[in-house]
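Data first, discussion second: the structure below is written as structure tokens.
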There are 2 protein chains.
Amino acid sequence: MARAATLPDAFDAVADPRRRQILDALQHGERTVNELVDLLGLEQPYVSKHLRILREVGVVSVRDDGRHRRYRVHAPALKPIHDWASQFERAWTQRFGHLDTLLEELQHLEADHDRDQTDPSDDRPPDSGADPDHP
Amino acid sequence: MARAATLPDAFDAVADPRRRQILDALQHGERTVNELVDLLGLEQPYVSKHLRILREVGVVSVRDDGRHRRYRVHAPALKPIHDWASQFERAWTQRFGHLDTLLEELQHLEADHDRDQTDPSDDRPPDSGADPDHP
DNA sequence: TTGACATATACCTATTTTGGTATATGATGA
DNA sequence: TCATCATATACCAAAATAGGTATATGTCAA
């Protein structure tokens, strides 16, 4: 009974790192299946299967072009993820903003944007005990 | 061999709708495990297990308070998700912005924000064939 | 200390998912 | 038409996960 009885959504689709890789690869334009196979180093059938999942969720779309099928990102389907995460945006800016001393850390965070993507354990400040958010 | 040999990250943690529910419930402050059990209607052990996953990924943190354990969201750990999705932000605003005719659809999208969260199949415009993004 | 409460962990089974191999479908060019 | 390239699907094994039940751990109150 894996992954509760909910229809797969964009969150599921994006949870898999390979599928994120695919989306990253598609970010700057269309790609054929074989191009993605080369990029990811996976077996062609499995790339097709990943693409199917991404397609079912609406995150990518296909266009037939002769004997190729060109995939592209359908960005609006990713918006819900962005929006959902935005709920917490205020919280994380607050967390770093409410103390002047941490302004520097905020800038550091902005700069290290990229490393941040994959290493969430780094930007965590030592738990300060008292939290103004929860009186 | 489920879910490739990658350490679980925030994306995995957030892929599960129950865990998203937990995070939503924690959005406005701390909660004890039992409060979450009541809110989610799941068995207590399973809520604890979800919380453990969220903790391991750094998305929530705990604070011991007598015989309670108060959980709270650790928002910065969600930032990578937000940032990743932002990569595509330009694409989705462009897609609806570059044609005046679609302005209306954009507004529709803004309005139906909530439904959007769960139904990505709706905001997809009829494939227009020509795509300025991919010359 | 004992009992009640709050939470975590161990263990179990059915179900998914992963990724692979073999094969089918479908379009193109000769 | 046939051979070939490009992609999709069927099927299979191993492993992870979702939930559940039973139980352990830890804390307070009397």
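A, B, ... follow the sequence lines: proteins, then strands. Residue 1 opens every chain. Note: hydrogens, waters and symmetry copies are ignored here, and every other heavy atom, side chains too, is used.
Between the side chain of A:Arg19 and the backbone N or O of A:Ala13 there is at least one donor-acceptor pair closer than 3.5 Å.
For the pair B:Leu42 and A:Ser48, both in contact range of DNA chain D, the more 5′-proximal nearest nucleotide belongs to A:Ser48. Residue whose closest nucleotide on DNA chain C sits further toward the 5' end, between A:Asp64 and B:Lys49: B:Lys49.
Below the 3.5 angstrom threshold, one finds a donor paired with an acceptor across the side chain of A:Gln44 and the base of D:dA8.
Spacing between atom CG of A:Asp38 and atom P of D:dC5 amounts to 15 Å, rounded to whole angstrom units. In this structure, the CZ atom of A:Arg55 is 12 Å from the P atom of D:dT7, given to the nearest Å. Remark: C1' of C:dT18 and CD1 of A:Ile53 are 9 Å apart, rounded to the nearest angstrom. Here C:dT25 presents its P atom at 16 Å from CZ of A:Arg69, a figure rounded to the nearest Å. Look at CG on B:Leu54: it is 12 Å from P on C:dA8, rounded to the nearest Å. Put simply, CG on B:Leu40 is 13 Å from P on C:dT7, counting in whole angstrom units. Here D:dA15 presents its P atom at 19 Å from CG of B:Asp12, a figure rounded to the nearest Å. Put simply, CG on B:Asp16 is 12 Å from P on C:dT17, counting in whole angstrom units.
In this structure A:Asn34 satisfies the side chain to side chain donor-acceptor pair (under 3.5 Å) test with no other residue, sequence neighbours excluded. Residues forming a salt bridge (charged side-chain N to carboxylate O under 4.0 Å, His left out) with B:Arg20 (at least two apart in sequence, or on another chain): A:Asp9.
Taking side-chain N and O atoms only, B:Arg52 has a distance below 4.0 Å to OP1 or OP2 of C:dT9. For D:dA18, one of the phosphate oxygens OP1 or OP2 lies less than 4.0 angstrom from a side-chain nitrogen or oxygen of B:Arg19. Remark: A:His68 is not in phosphate contact with C:dA27, judged by side-chain N or O atoms under 4.0 Å from OP1 or OP2. At D:dC5, none of the side-chain N or O atoms of A:Asn34 fall inside 4.0 Å of OP1 or OP2 (strictly under the cut-off). The side chain of A:Tyr46 places no N or O atom within less than 4.0 Å of a non-bridging phosphate oxygen (OP1 or OP2) of D:dT7. The side chain of B:Arg18 places an N or O atom within less than 4.0 Å of a non-bridging phosphate oxygen (OP1 or OP2) of D:dG19. When the side-chain nitrogen and oxygen atoms of A:Arg67 are compared with OP1 and OP2 of D:dT7, none of them lie within a distance under 4.0 Å.
The side chain to side chain contact (heavy atoms under 4.5 Å, CB included) test with A:Arg70 is passed by exactly one of A:Val62, A:Val33, A:Asp64, A:Thr32: A:Thr32.
The side chain of A:Pro45 lies closest to C:dA22 when the candidates are C:dA22, D:dT7, C:dT9. Of the candidates D:dC11, D:dA8, D:dT21, D:dT21 carries the atom nearest the B:Glu43 side chain, counting heavy atoms from C-beta on.
Note that CD of B:Gln21 is 9.0 Å distant from NE2 of B:His50, once rounded to the nearest 0.5 Å.
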